[in-house]
There are 2 protein chains.
Amino acid sequence: MVNFSAPSASERRFMPPAVAVSSVAFALHPPVDANVADPRSGDVISTWGEYAGREGARVEHATTLWLPLVRRTRPPFDDLWALPGGPIPWDEDLYHTAARTLHESVLRSPGYLEQLFTFGATTRSATAQRLVTIAYWGLYGELDLAVDPTTEPSRDVASDVATAGKNAVTEFSEALVASADANIAWFSIDRLPELAFDHADIIDYAVWRLRQRTEYSMVAHRFLSEEFTLAQMRRVHEAILGEQIDPANFRRDVLAQGQLVDTGRVEEGTPHRPARLYRFKEQPEHV
Amino acid sequence: MVNFSAPSASERRFMPPAVAVSSVAFALHPPVDANVADPRSGDVISTWGEYAGREGARVEHATTLWLPLVRRTRPPFDDLWALPGGPIPWDEDLYHTAARTLHESVLRSPGYLEQLFTFGATTRSATAQRLVTIAYWGLYGELDLAVDPTTEPSRDVASDVATAGKNAVTEFSEALVASADANIAWFSIDRLPELAFDHADIIDYAVWRLRQRTEYSMVAHRFLSEEFTLAQMRRVHEAILGEQIDPANFRRDVLAQGQLVDTGRVEEGTPHRPARLYRFKEQPEHV
DNA sequence: GAAATAGTGTCTTTGAGACATTATTTG
DNA sequence: CAAATAATGTCTCAAAGACACTATTTC
């Protein structure tokens, strides 16, 4: 077999670049059993279930977005946080690699995933093999976060991946991190830790793109459950855009799009007039 | 040195994917000395200078866009046309690889170049090594096309590139094609030949993205010379969008953007009232 | 009925498409 | 003056921001 490990300096320049995928996966809040970083100190403090219960935080009033990060356990950037991801197996499509590595870290599959940009500057990591990263951005909706955490990864190629990863890509450990790990935690995008590589730039760009998409398309509903009120949908837009929206105009505009269907049902248990529940029209599959 | 050539089937699955760049480079018309394909038959017939002289074609009345292609001279897809591009040298940024390989094929540098999408489906080329292509799209303006064709490639790494390319990427010959070659020709986007790999899809996506950009930003001026009339600029928009635009409304909208500066001069030699000449305000550099 | 939020209606501003009209040049 | 295109002005319609007002529920 070809030997890729420990290339000498003179060999390195003839090696093709290593290719990996990294994902910025947004959610309105972490899964209940996930580790979270304290929005104030930045330290990983407890699971979201405990934290949210203690602080009285509610999805209803979500005002920021969260994303999962993985702590590196080897150089370079040892001990810093990085985006979930990993190398590309030789027989796996890019989209699928992004989805699979996210699942391996978060133990859940995102409801939406789209290619963001390919980062390949030679200055990204001066210490080792040239690294090209194809970045994806995705969304975890309420239903995605609720998926049973005991679910196994869907593909049966775990050994292939580990082998290819260990041999071909020396800088990436994300795919190799064990499940349900203290080295995986969720952070508010308003309070991110120091990040490995140029992952801070990748996250900035992903946030910008999410805002773009929110303004001229209908992706925001993917944060919500199957059925939702217009007020819930409006709060998602407000969290993404970071500003308040007029409820009446939001209603008029979003209904004029013709993408929402009135289920005929209404929410229950409110201390006031209950709102109608809507659902989204079926969409063609993404590419 | 590590041996990448002629991998066996069992070795291939452990090799990292080959990484290459391909570019879709639009222009209002080919350079005068470039080979062109007949818009009717699709055969390469002559240089643009001869063709345009014979047919009386004029930039003023451009109604379609053109792009350069390279004929492959080896399997797979031997003899089909493909996008200009090549493998990524270990020490070169992605953007620069796209710009350099374009220059090597077209002997000119585009005035604008932007990343499009990364194509990495495993089905793109079933016959050989896994190939990930980072596609760029770019624009050649009038000034870019006029550059002296004797200009040398700007970087002094030709031997590096050839070596890395021959060893690491078995499917790509674009970077190795000699200059001013019968295997390089320009095609109207309305009459493209049969294309290698999935390059037809890449071109479709690039055209779509160019139209998007044209509608909500100001890239179209990059097709023009330093100074230009509003009518010339309008014809560029019409060629890109494929439909006519009201001259009065176009004037109002484009001037309201505040990106154009009246030079105070007017065009000369017209058989009617001469139009004012405008130029573009300085823009921050692209990334 | 008070409180709270859902939901409706309307006034106004803005931007863009359609198109009539005036201006300036050559021959 | 005729022909051709540049440049300006105006009418209309549609989308969106601001905001007043009505409706329905719990307590």
Side-chain angles (χ1 to χ4, degrees), chain A residues 58-63 211-212 214-218 220-221 224-225 227-279, chain B residues 58-63 211-212 214-218 220-221 224-225 227-279:
Chain A
R58 300 274 303 141
V59 179
E60 297 292 314
H61 305 98
T63 183
R211 287 188 174 141
Q212 294 279 109
T214 302
E215 281 185 285
Y216 65 87
S217 91
M218 294 283 270
H221 74 284
L224 301 165
S225 307
E227 299 186 352
F228 48 86
T229 68
L230 292 183
Q232 287 168 340
M233 188 176 178
R234 177 169 47 81
R235 284 186 204 104
V236 173
H237 276 79
E238 290 174 340
I240 295 170
L241 300 177
E243 57 189 27
Q244 297 225 310
I245 300 171
D246 182 288
N249 294 334
F250 181 78
R251 169 185 303 274
R252 177 190 61 196
D253 296 344
V254 85
L255 289 179
Q257 297 269 15
Q259 295 294 303
L260 297 187
V261 180
D262 189 336
T263 64
R265 277 187 291 283
V266 294
E267 62 178 346
E268 292 174 4
T270 60
H272 52 75
R273 174 175 175 179
R276 286 185 206 157
L277 290 168
Y278 292 85
R279 63 177 174 78
Chain B
R58 301 271 304 137
V59 178
E60 297 293 314
H61 306 97
T63 183
R211 289 188 173 141
Q212 294 279 110
T214 302
E215 282 186 285
Y216 65 86
S217 91
M218 294 281 272
H221 75 282
L224 300 165
S225 306
E227 298 187 352
F228 49 85
T229 69
L230 292 183
Q232 287 169 339
M233 188 175 178
R234 176 168 49 80
R235 284 187 205 103
V236 173
H237 276 79
E238 290 174 340
I240 295 169
L241 301 178
E243 57 189 28
Q244 297 225 312
I245 300 171
D246 182 286
N249 293 334
F250 180 78
R251 171 184 302 274
R252 178 190 61 195
D253 295 345
V254 85
L255 289 179
Q257 296 270 14
Q259 294 294 302
L260 297 187
V261 180
D262 189 336
T263 64
R265 278 187 292 282
V266 294
E267 62 178 346
E268 293 174 3
T270 60
H272 52 75
R273 172 174 177 180
R276 286 184 206 159
L277 289 168
Y278 292 85
R279 63 177 174 77

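Residue numbers start from 1 in every chain, and the chains themselves are labelled A, B, ... in the order their sequence lines are given, proteins ahead of strands. Predicted, not measured: the structure shown is a model, and the values here were computed from it.
Comparing A:P247 and A:P271 by the nucleotide of DNA chain C whose heavy atom lies nearest to each, the residue mapping closer to the 5' end is A:P271.
Comparing C:dT8, C:dG17, D:dA16 against the side chain of A:D253 picks out D:dA16 as the nearest. Here D:dC19 is the nucleotide among C:dA4, C:dG17, D:dC19 with the atom lying nearest to any side-chain atom of A:D246. Taking the side chain of B:A248 as heavy atoms from C-beta on, and the options D:dA18, D:dG17, C:dA20, the nearest nucleotide is C:dA20.
No contact: A:T229 has no heavy atom under 4.0 Å from any strand. Note on B:A256: nothing from the nucleic acid sits closer than 4.0 angstrom, heavy atoms only.
Atom CD of B:E268 sits in a sparse spot, with 12 or fewer heavy atoms from other residues, nucleotides or ligands closer than 6.0 Å.
Atom CD of B:E227 sits about 10.0 Å away from atom CG of B:D262, to the nearest 0.5 Å.
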Side-chain donor-acceptor distances from residues 247-258 of chain B under 3.5 Å, at least two apart:
none

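Between the P atom of D:dA6 and the CD1 atom of B:I245 lies a distance of 14 Å, rounded to the nearest Å. When rounded to the nearest whole Å, the span between CZ of A:F250 and C1' of D:dA16 equals 14 Å. Summarising the geometry, the separation between CZ on B:R252 and P on C:dG17 is reported as 8 Å, rounded to the nearest angstrom. When rounded to the nearest whole Å, the span between CZ of A:R265 and P of C:dA6 equals 19 Å. Atom-to-atom, CZ of B:R251 to C1' of C:dA16 comes out at 17 Å; the value is rounded to the nearest Å. One interatomic measurement links the two molecules: CG of A:N249 to P of C:dG7, which rounds to 15 Å at whole-angstrom precision. For A:Q244 and D:dG17, the CD to P distance is 14 Å, given to the nearest whole Å.
Residue B:R276 places at least one side-chain N or O closer than 4.0 Å to OP1 or OP2 of D:dA7. Contact annotation: A:R273 does not reach the phosphate of C:dA4 (side-chain N/O to OP1 or OP2, under 4.0 Å).
Salt-bridge check for B:R234 with B:E238: passed, with a basic side-chain N closer than 4.0 Å to an acidic carboxylate O.
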